[in-house]
Protein chains: 6
Amino acid sequence: MKALLTRRYMFPASHRLHSDEMSEQENRDVYGKCNNPYGHGHNYVIEVTVSGQVDGQTGMVCNLVDLDDFVKTQVLERYDHQNLNLLSEFANLVPTTENLCIAIYEIVNRGFKSAHLEKIRIEETMMNSFEYAGDNGL
Amino acid sequence: MKALLTRRYMFPASHRLHSDEMSEQENRDVYGKCNNPYGHGHNYVIEVTVSGQVDGQTGMVCNLVDLDDFVKTQVLERYDHQNLNLLSEFANLVPTTENLCIAIYEIVNRGFKSAHLEKIRIEETMMNSFEYAGDNGL
Amino acid sequence: MKALLTRRYMFPASHRLHSDEMSEQENRDVYGKCNNPYGHGHNYVIEVTVSGQVDGQTGMVCNLVDLDDFVKTQVLERYDHQNLNLLSEFANLVPTTENLCIAIYEIVNRGFKSAHLEKIRIEETMMNSFEYAGDNGL
Amino acid sequence: MKALLTRRYMFPASHRLHSDEMSEQENRDVYGKCNNPYGHGHNYVIEVTVSGQVDGQTGMVCNLVDLDDFVKTQVLERYDHQNLNLLSEFANLVPTTENLCIAIYEIVNRGFKSAHLEKIRIEETMMNSFEYAGDNGL
Amino acid sequence: MKALLTRRYMFPASHRLHSDEMSEQENRDVYGKCNNPYGHGHNYVIEVTVSGQVDGQTGMVCNLVDLDDFVKTQVLERYDHQNLNLLSEFANLVPTTENLCIAIYEIVNRGFKSAHLEKIRIEETMMNSFEYAGDNGL
Amino acid sequence: MKALLTRRYMFPASHRLHSDEMSEQENRDVYGKCNNPYGHGHNYVIEVTVSGQVDGQTGMVCNLVDLDDFVKTQVLERYDHQNLNLLSEFANLVPTTENLCIAIYEIVNRGFKSAHLEKIRIEETMMNSFEYAGDNGL
């Protein structure tokens with residue numbers, strides 16, 4: 001009886017899309033308005049999907065309290081109300097939502113042990129979303 | 001030309017999370033507020049996903065009228081406006097949303113013959129959802 | 001420069017619609033499925049709308065932290081994961097969402113002093129909502 | 001580092017469900033109100049999901065500007081504010097949302113080369129949606 | 001204790017925006033794509049807001065069953081899955097959503113007697129909505 | 001026949017809440033995480049509500065094309081993908097969403113002449129919104 005559990009979290013943050021490996025003109029061509037020098041922001045909605053056997057006694061894949069505690073201390077405290085460009089993982093990596101998705105996947109996959117991480121999905125706006133499911137993903 | 005069709009249904013119900021196999025203290029530790037003795041409730045949103053060949057003549061995976069009739073008589077009449085703890089399937093099973101998901105999957109999988117059941121997804125709140133796709137699931 | 005601020009909160013709870021002043025048959029006629037003896041539940045979404053001058057220095061109608069603190073301690077702690085029928089304000093009052101709306105209005109209106117309460121709106125389901133704006137309301 | 005990108009688009013259109021291969025009575029039996037002679041309409045919400053390696057330099061699966069340009073010129077210009085029954089692809093095919101999903105899949109799969117098309121999902125209403133993922137789909 | 005109750009309903013329909021009092025060119029200039037000769041459609045979401053004293057015995061502004069019965073027989077049966085241009089009220093009136101809003105207001109205001117009609121709001125798409133509150137409205 | 005028309009627009013932007021009239025400590029006390037020095041961002045959803053007589057010939061309060069043109073050139077071009085703190089109207093004014101709401105109200109009220117501006121509403125996140133209706137507002 002393997003089931004999936006998906007939990008949503010939300011945090012606002014800002015970012016600027018700019019790659020040091022490209023010229024100013026290339027940056028403007030690739031990122032358009034997202035390249036403006038002073039950044040802009042989003043309300044990121046994060047969905048964490050984990051899977052596991054439904055425990056015969058508790059009836060749960062894992063305790064939501066454990067997942068919330070992990071995500072709050074390891075993910076939200078790191079990203080909530082931040083400028084993503086200033087974080088160490090984006091020192092040499094453009095903070096696109098694809099890369100943010102991978103960064104959050106790696107934090108949860110490495111540290112959360114109460115269930116198996118299936119994927120991370122991020123809604124950047126109500127019109128765009130991204131998913132990352134690890135190396136064996138998709 | 002195999003396609004998927006997903007249909008949403010909604011019903012309110014109440015439940016209390018409590019396992020007779022655990023002590024009072026263990027119940028409070030595991031379920032927190034969800035263990036309060038008089039129960040609480042949710043607007044459950046159910047998504048039924050079925051698949052099949054798109055019929056060359058009708059252009060449909062299956063007739064929505066058939067799916068609605070089945071779900072209304074076999075699922076909604078059973079759960080709508082009920083206290084889940086009082087239903088026979090939860091006599092010895094904690095009515096978590098994981099277990100509700102499995103119970104509804106089994107009803108639809110056993111009785112609905114107009115298309116192949118892919119999965120049942122339940123939104124317990126706008127922040128939590130659960131999915132079950134059967135033994136071969138995921 | 002008078003502006004409105006609306007903040008949403010969510011809590012699950014259960015209730016049963018039943019009036020001691022009516023016969024069993026009248027109760028069933030008036031409340032239908034909502035009268036079933038063991039109750040059912042909802043994810044109530046509460047919207048608190050307050051108004052006030054936008055402060056020239058802070059640029060705010062009132063501090064959201066103050067509103068959150070008030071609502072969490074005075075409203076959510078009282079109703080979250082509860083059976084509404086067991087609360088003292090519903091000892092002689094049917095816990096319809098209209099009456100819940102009025103009860104929450106009175107708590108906020110009496111106790112929250114950082115801005116003027118305009119109204120309380122509750123979404124019982126995504127198809128139903130209720131509003132109460134006090135004696136001078138509407 | 002393979003990731004998924006999903007982008008939503010919306011267009012209103014009208015259709016009538018009617019198959020020339022069936023009698024008037026069969027059409028009414030199969031399609032019900034959707035068979036009324038003068039058609040009805042929907043706000044179709046289209047989700048295009050593509051996948052690919054996250055580019056090491058740009059941090060993107062593909063440029064959203066390219067996807068938007070393709071979908072606007074090849075999909076939205078064709079279907080937006082149209083009567084689907086009058087389009088050539090529906091000359092001999094009932095314009096159900098299943099068939100619309102397949103038609104859009106084929107346009108994007110044939111013409112969009114900046115990432116791999118995973119699937120097309122269409123919300124016909126907030127209660128119904130359909131997905132098509134090609135011959136190897138699901 | 002006067003409160004407001006708002007109930008949502010949804011129906012798909014098609015329309016074409018075209019005024020016989022204007023030339024072909026004027027129609028195209030005013031209505032753009034909405035003037036294409038074969039029509040297009042929407043999922044209209046209707047919100048009916050009524051007000052009244054909260055009944056001391058039942059705790060309700062009015063019984064939702066009564067409102068649902070009225071709206072289903074008098075509004076949804078008239079408009080659901082229809083081509084609005086063919087209805088008698090739009091014989092000499094362009095079926096814009098403004099005019100649809102007024103037409104539904106007049107039906108509910110004339111016929112529904114269990115509570116006071118405050119307003120009708122229609123979401124034509126998730127980006128557009130319209131409200132009408134009668135002669136004394138706004 | 002006076003009706004209301006509401007149109008939604010969306011843009012991402014970043015801001016930092018900080019008042020030069022307060023000390024560092026006061027700023028941290030008042031704005032909390034919103035005061036972090038490098039800013040954060042939101043997907044702002046703007047709702048513009050205008051009113052007017054429904055034109056007897058066109059059936060419209062005003063042409064949505066006119067409203068869209070105005071908002072795109074006068075509002076979205078100014079705020080979309082910007083850092084609000086760098087704009088001239090926020091040189092001496094904290095860019096709270098209350099103040100952004102007033103700034104947009106003034107632009108639309110001054111420049112849009114095809115209908116009467118009723119109010120501007122901004123959703124900062126799905127949990128917070130603000131409204132401003134001018135000097136005679138509320």
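First the proteins, then the strands, lettered A, B, ... as listed; each starts at 1.
Among the residues in residues 34-42 of chain C, those with a non-hydrogen atom closer than 4.5 angstrom to a non-hydrogen atom of chain B are C/Cys34, C/Asn36, C/Tyr38, C/Gly39, C/His40, C/Gly41, C/His42. When the heavy atoms of residues 5-17 of chain B are compared with those of chain C, the residues falling under 4.5 Å are B/Met10, B/Pro12, B/Ala13, B/Ser14, listed by number.
With a 4.5 Å cut-off on side-chain heavy atoms, C/Val48 and C/Ile120 count as touching. B/Glu24 is listed as a side-chain neighbour of B/His18, based on a closest heavy-atom distance under 4.5 Å. By the 4.5 Å heavy-atom criterion applied to side chains, C/Asn128 and C/Thr97 are not counted as neighbours.
Within the model, atoms OG1 of C/Thr73 and CZ of C/Arg78 stand 12.5 Å from one another, a figure rounded to the nearest 0.5 Å.
Using modelled atom types, one side-chain atom of C/Asn43 and one backbone atom of B/Glu124 make a donor-acceptor pair closer than 3.5 Å. The backbone N or O of C/Ser19 lies less than 3.5 Å from a partner atom in the side chain of C/Asn27, making a donor-acceptor pair.
The two residues C/Glu123 and C/Arg121 make their nearest non-hydrogen contact at OE2-NH1, 3.2 Å.
Contacts of B/Phe70 classified as ring-ring contact (aromatic ring centres under 6.0 Å, His included), with partners at least two apart in sequence or in another chain: B/Phe112.
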Please tabulate, one pair per line, all N/O donor-acceptor pairs under 3.5 Å involving side-chain atoms of residues 98-109 of chain B, not counting sequence neighbours.
| unit_1 | atom_1 | unit_2 | atom_2 | d |
| --- | --- | --- | --- | --- |
| B/Glu98 | OE2 | A/Val61 | N | 2.9 |
| B/Asn99 | ND2 | B/Val94 | O | 2.9 |

